Engineer: 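Before I ask anything, here is the structure I am working with.
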Amino acid sequence: MKNILITGCGGQIGSELALELRKRYGGDHVIVSDVRPILEGPLVQTGPVEVIDVLDITRIVAIVKKYDIDTIYHLAAVLSAVGEAKPQLAWSIGVNGLYNVLEVAREYRCAVFFPSSIGAFGPTTPLDFTPQDTIQRPVSMYGVTKVTGELLCDYYHRRFQVDTRGVRFPGIISNVAPPGGGTTDYAVEIYYEAVKSGRYVCPLRAGTFLDMMYMPDALDAAIGIMEADSAFLKHRNSFNVTAMSFDPEMIAGEIRKYIPGFVMEYDVDPVKQGIADSWPNRMDDSCAREEWGWNPKYDLEAMTGDMIKVIRGKRI
Ligand code: SER
């Protein structure tokens, strides 16, 4: 990777991934882009920033040529809960946007990182220790776009030798930019509300187990798969990766170690609950561990200590 372009960089993952990549590769070698202009903050201060609508292929081509891009981290997407409210938009950004990126990558010989998701699974998937290769019949539009994306990336690798790689991310928990409209967002919101008001109204039922990951591990996953020696990769575009699995009661319990009076109430959102029920309880990520050395560092306990410390420091 010499010159990297990131799409959808204003989102939860991009805003931290860009800074990590700039640390490793140099500010001028990591081009940040989003459909909404990024006008201030660390992304602007540390290197080039551009506006790219991934539905506009001529714009992607112009930026790839301008900076001699060889690697694209394609993060622009619509998350699962918003995707149910706006399924046409979710398809358009999720599939047509990726298709544009892959076409540019084919023409200009770029490697592509594509983040798939636990959303690529559905109710007929084995939900405990979900295997790497298994049934994928998702019921959300988000999931449909992710399965399509995995297949498209495989196709572009096989047919055109584009170096496509990716992981199936679980819910990502972080404290810089908020997630935008996902089913797993509760596991971020709960920390902010716990610090701010000592209570949280949870949209998912107690007992709803989902895979999760703290942002530092998510950054390691995204960079690790792109830096892996391709000779060892039997899979490419959709490695299961996970760091922990918990339900709302477990995260509330951890928070009470720091905020003993923390109160959790439930007001179940039927759309989010339906999506969460169709997703794995815990994925088996042994292929990622074996093929490219995936090894997360944070569990629920370590993450909670860090999240509370950082959020308290923000004086929200
Ligand atoms: N965090 C995502 C969502 O909830 C899952 O990939 O939509």
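Keep in mind that this is a model prediction, so the values were computed, not measured. Residues take their numbers from the sequence shown, with the count starting at 1. All ligand and atom numbering here is 1-based and tracks the order in the structure.
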Engineer: To which residues is V49 joined in a hydrophobic cluster, defined by side-chain heavy-atom contacts under 4.5 Å among Ile, Leu, Val, Met, Phe, Trp and Tyr, whether direct or through other members?
Structural biologist: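 Members other than V49 - counting any ILVMFWY side chain reachable under 4.5 Å - are L19, V32, I38, L43, V44.
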
Engineer: Could you pull out all donor-acceptor pairs under 3.5 Å where a side-chain atom in residues 149-156 meets a protein atom, sequence neighbours excluded?
Structural biologist:
residue, atom, partner, partner atom, Å
E150, OE1, Q136, NE2, 3.2
E150, OE1, R168, NH2, 3.0
E150, OE2, S116, OG, 2.6
E150, OE2, R168, NE, 2.8
D154, OD1, N237, ND2, 2.7
Y155, OH, R159, NE, 3.3
Y156, OH, E103, OE2, 2.7

Engineer: Suppose clustering is done on Ile, Leu, Val, Met, Phe, Trp and Tyr with side-chain heavy atoms closer than 4.5 Å. Which residues sit in the same group as V176?
Structural biologist: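 Besides V176, the hydrophobic cluster comprises nothing; the residue is isolated.
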
Engineer: For ligand 1, what are the residues with a heavy-atom contact below 4.0 Å?
Structural biologist: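 Lining ligand 1: L79, S80, S117, Y142, G182, T183, T184, W279.
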
Engineer: Does one side chain, of T7 or H74, offer a donor that lies under 3.5 Å from an acceptor on the other?
Structural biologist: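 Distance-only check passes for T7 and H74.
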
Engineer: Tell me, please, whether F160 has R106 positioned over its six-membered ring: NZ or CZ under 6.0 Å from the ring centre and within 45 degrees of its axis?
Structural biologist: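 Checked: cation-pi criterion met.
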
Engineer: Can you tell me if Y67 has over 12 outside heavy atoms packed within less than 6.0 Å of its OH?
Structural biologist: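 Buried by this count: over 12 neighbours within 6.0 Å.
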
